[in-house]
2 protein chains.
Amino acid sequence: MAITIKDVAKRANVAPSTVSRVIANSPRISQRTKEKVREAMNELGYHPNFNARSLANQSTKTIGLVMPNSANKTFQNPFFPEVIRGISTKAHMLEYGLYLSTGQTEEEIFEEVQHMVQGRRVDGIILLYSRVNDKVISYLYEQNFPFTVIGRPYDARMSNITYVNNDNFKAAKTVTEYLLLLGHERIAFIGGNLDFVVTVDHMEGYERALKNAGIRLRDDYVVFHEEIQEGGQEAVIDLMSLKEPPTAMLVADDMMTFGVLRMLSEMDMKVPDDVSIVSFNNVMISELSAPPMTTVDINIYSLGYEAATCLIEKIMHPAVTPKKVLIPHKLIKRQSCQRQAKKLAPQ
Amino acid sequence: MAITIKDVAKRANVAPSTVSRVIANSPRISQRTKEKVREAMNELGYHPNFNARSLANQSTKTIGLVMPNSANKTFQNPFFPEVIRGISTKAHMLEYGLYLSTGQTEEEIFEEVQHMVQGRRVDGIILLYSRVNDKVISYLYEQNFPFTVIGRPYDARMSNITYVNNDNFKAAKTVTEYLLLLGHERIAFIGGNLDFVVTVDHMEGYERALKNAGIRLRDDYVVFHEEIQEGGQEAVIDLMSLKEPPTAMLVADDMMTFGVLRMLSEMDMKVPDDVSIVSFNNVMISELSAPPMTTVDINIYSLGYEAATCLIEKIMHPAVTPKKVLIPHKLIKRQSCQRQAKKLAPQ
DNA sequence: ATGAAAGCGCTAACAC
DNA sequence: GTGTTAGCGCTTTCAT
């Protein structure tokens with residue numbers, strides 16, 4: 001077996017507890033002993049055993065990350081590496097480790113979460129998504145286990161949950177207003193999976209803006225798609241086949257926008273000449289589309305960083321009152337939007 | 001505290017050791033007692049404590065994932081979610097958990113690896129990249145700790161390391177030959193960071209194909225870039241400013257290709273009419289570029305899946321001889337390549 | 001087939 | 001200031 005605290009203790013002629021105190025840098029240990037012990041540690045190449053520590057401390061210093069089911073393509077969205085980078089930064093600063101869920105289906109993920117919690121494998125959990133009526137959220141909530149949601153819990157009854165979110169309603173509303181100001185009246189909405197709360201918020205923002213402008217909502221201008229990628233393409237076909245095709249579109253996610261642009265170019269429709277597009281997220285490659293897309297930067301990194309901050313705070317002070325953190329968003333204007341000429345009289 | 005094995009034991013009127021045997025499903029326990037114990041477990045809602053198990057077992061059932069430094073944009077490459085999905089699948093099947101490195105710099109990552117290893121926080125490690133002269137590899141090698149590399153170790157002295165790789169040399173060679181067959185003679189190479197072994201392999205494959213075809217290697221046709229994204233764009237500027245700009249390009253990574261395409265379109269160069277492009281990886285969005293890119297599918301998911309398979313095998317049978325697994329690649333022809341008209345006499 | 005008890009490596013309460 | 005010792009929750013000999 002590896003070197004233990006006892007080996008160090010012997011080598012330094014002290015008791016194991018003294019070594020333990022040196023590790024914790026307890027002020028009750030004399031400088032001399034500290035040095036002696038540290039020397040012994042170095043000579044022996046000692047490293048504390050993580051599991052033993054966790055067991056004795058009842059604390060693992062690790063955060064569980066729960067992703068949506070990895071089976072579908074959503075997973076390949078660069079959104080995730082970027083949130084994780086944010087979480088990672090904070091975690092590293094405070095010496096927390098990261099533990100990843102591996103489930104492929106909702107059911108598998110739920111079981112994993114139970115294991116993490118009950119098996120005390122992690123000290124807290126960050127949900128990297130927020131789904132409507134999510135079993136995982138209710139479970140964590142009932143167990144009173146420290147957790148943070150990226151996005152917002154849908155169920156109003158669970159008001160006292162800590163979450164980090166963008167104002168997705170407002171973002172969608174503003175963006176719709178922007179298109180209206182550019183003269184567009186036929187604005188379509190291509191949303192993501194309706195199970196995700198963000199989709200609901202986007203849609204409501206879109207509807208509100210149209211209502212405020214006195215523009216009739218048209219069902220055939222609103223589509224949702226499961227798959228972030230193919231979905232965008234199908235939606236375009238449907239929309240462009242309409243008698244009155246839209247002149248502008250809100251697209252739920254930059255990745256989807258790539259699909260939309262691709263399909264439009266296949267149809268020989270020019271962006272932004274024929275159709276204007278605004279989307280959401282602003283991931284790394286968003287500026288590399290042709291044309292570069294106008295999109296809402298939701299500050300993914302901060303979403304992660306703040307989620308980690310809140311969670312760790314919750315872990316250290318479980319009594320602290322739940323927080324709702326709103327991360328600011330920002331419209332990044334690039335070249336996928338254009339002013340729309342005045343509408344002709346309907347045919 | 002939570003429910004322990006003792007609580008279950010009391011409830012079922014047996015000894016703790018019996019409960020433990022039931023958990024392990026030991027054949028030496030009578031069916032009757034097993035049922036009795038299982039019932040008690042359910043009634044109490046018992047879940048084994050993970051840390052206690054790990055400590056007693058000297059095994060954590062978790063795999064450490066080491067990513068390249070998350071500071072730069074490389075991290076946002078959809079390559080990573082996809083390898084992780086592969087790893088994840090296998091890990092989940094065999095009930096292994098995933099532990100993520102959080103370091104931002106090479107030094108931080110190295111320290112983390114030391115902690116993972118010495119602190120027995122994981123049973124084995126998968127390196128998600130392979131760098132030339134990597135401290136981490138040498139360390140793991142010296143410690144004789146179970147690990148697997150995705151990519152190939154550069155140092156020939158460490159021949160007996162298990163790794164999972166593509167034949168990147170061959171892929172680059174074939175692809176160059178493909179461009180040659182299309183009539184291109186001025187073929188540029190836009191490589192990634194030269195610290196990564198894959199870059200070296202790509203370059204050698206490219207050079208070999210040109211040599212075989214009797215075409216002179218030109219230094220000014222070969223560029224490397226750190227950053228996957230901006231790099232592609234700068235490279236294009238340099239290459240297109242040459243007196244004899246290339247008519248075709250090999251690009252190291254699909255993400256980079258997005259940058260390349262973007263810059264070319266800004267310069268009003270048409271792909272594939274003016275320049276042909278082939279790149280590597282075939283991530284999800286690769287088919288969504290304009291035009292859809294021709295690229296080498298390296299089967300990222302399998303890379304991950306096999307890496308996990310090898311690692312777990314190594315963990316369970318440490319004496320097993322190291323393996324080298326080659327994952328097949330495949331050229332996906334889309335629309336970024338075109339036959340080149342015969343070259344005019346040089347001006 | 002089951003129980004008693006030692007031990008995995010560390011921490012922390014209690015002694016002195 | 002430092003040592004002694006009893007756990008943390010589980011596994012695993014060794015008895016019976």
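Just so it is clear: chains get the letters A, B, ... in the order the sequence lines come, proteins before strands, and each one is counted from 1.
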Figure out the [atom1]/[atom2] separation between [X] and [N], and round it to whole Å.
{"X": "B:Gln118", "N": "C:dC10", "atom1": "CD", "atom2": "P", "result": "12 Å"}
{"X": "B:His47", "N": "D:dC8", "atom1": "NE2", "atom2": "C1'", "result": "19 Å"}
{"X": "B:Asn57", "N": "C:dG7", "atom1": "CG", "atom2": "P", "result": "17 Å"}
{"X": "A:Asn51", "N": "D:dC8", "atom1": "CG", "atom2": "P", "result": "17 Å"}
{"X": "A:Ile5", "N": "D:dT4", "atom1": "CD1", "atom2": "P", "result": "14 Å"}
{"X": "B:Lys61", "N": "D:dC10", "atom1": "NZ", "atom2": "P", "result": "17 Å"}
{"X": "B:Asn49", "N": "C:dC8", "atom1": "CG", "atom2": "P", "result": "18 Å"}
{"X": "B:Arg121", "N": "C:dG9", "atom1": "CZ", "atom2": "C1'", "result": "16 Å"}

> Can B:Arg121 be said to sit on top of A:Phe50's aromatic six-ring, NZ or CZ under 6.0 Å from centre and within 45° of the ring axis?
Replying inline: yes
>> Considering every strand and a 4.0 Å limit on heavy-atom distances, what is the contact class for B:Tyr46: base, sugar-phosphate, or nothing?
In response: sugar-phosphate
>> What's A:Asp7 touching, base or sugar-phosphate or nothing? Going by heavy atoms closer than 4.0 Å.
In response: nothing
> In residues 15-39 of chain A, which residues come under 4.0 Å of DNA chain C by heavy atom?
Replying inline: A:Ser17, A:Ser20, A:Arg21, A:Arg28
For the residue pair [Y] / [X], report whether a side-chain donor-acceptor contact shorter than 3.5 Å exists.
{"X": "A:Thr33", "Y": "A:Ser30", "answer": "yes"}
{"X": "A:Asp134", "Y": "A:Tyr154", "answer": "no"}
{"X": "B:Asn25", "Y": "B:Lys34", "answer": "yes"}

> For C:dT11, does either OP1 or OP2 sit under 4.0 Å from a side-chain N or O belonging to A:Gln58?
Replying inline: no
>> Less than 4.0 angstrom between a side-chain N/O of A:Arg53 and OP1 or OP2 of C:dT11, yes or no?
In response: yes
> Got a sec, which pairs hit side chain to side chain donor-acceptor pair (under 3.5 Å) with one end in residues 301-312 of chain A, sequence neighbours left out?
Replying inline: A:Thr89-A:Tyr301, A:Asn299-A:Ser302
>> I want to verify a distance call: between D:dT11, D:dC8, C:dC8, whose nearest atom is closest to the A:Leu55 side chain?
In response: D:dC8
> Is the shortest heavy-atom distance from the side chain of A:Val66 to the side chain of A:Leu128 under 4.5 Å?
Replying inline: no
>> The criterion is ring pair (Phe, Tyr, Trp, His ring centres under 6.0 Å); which residues satisfy it with B:Phe196, sequence neighbours excluded?
In response: none
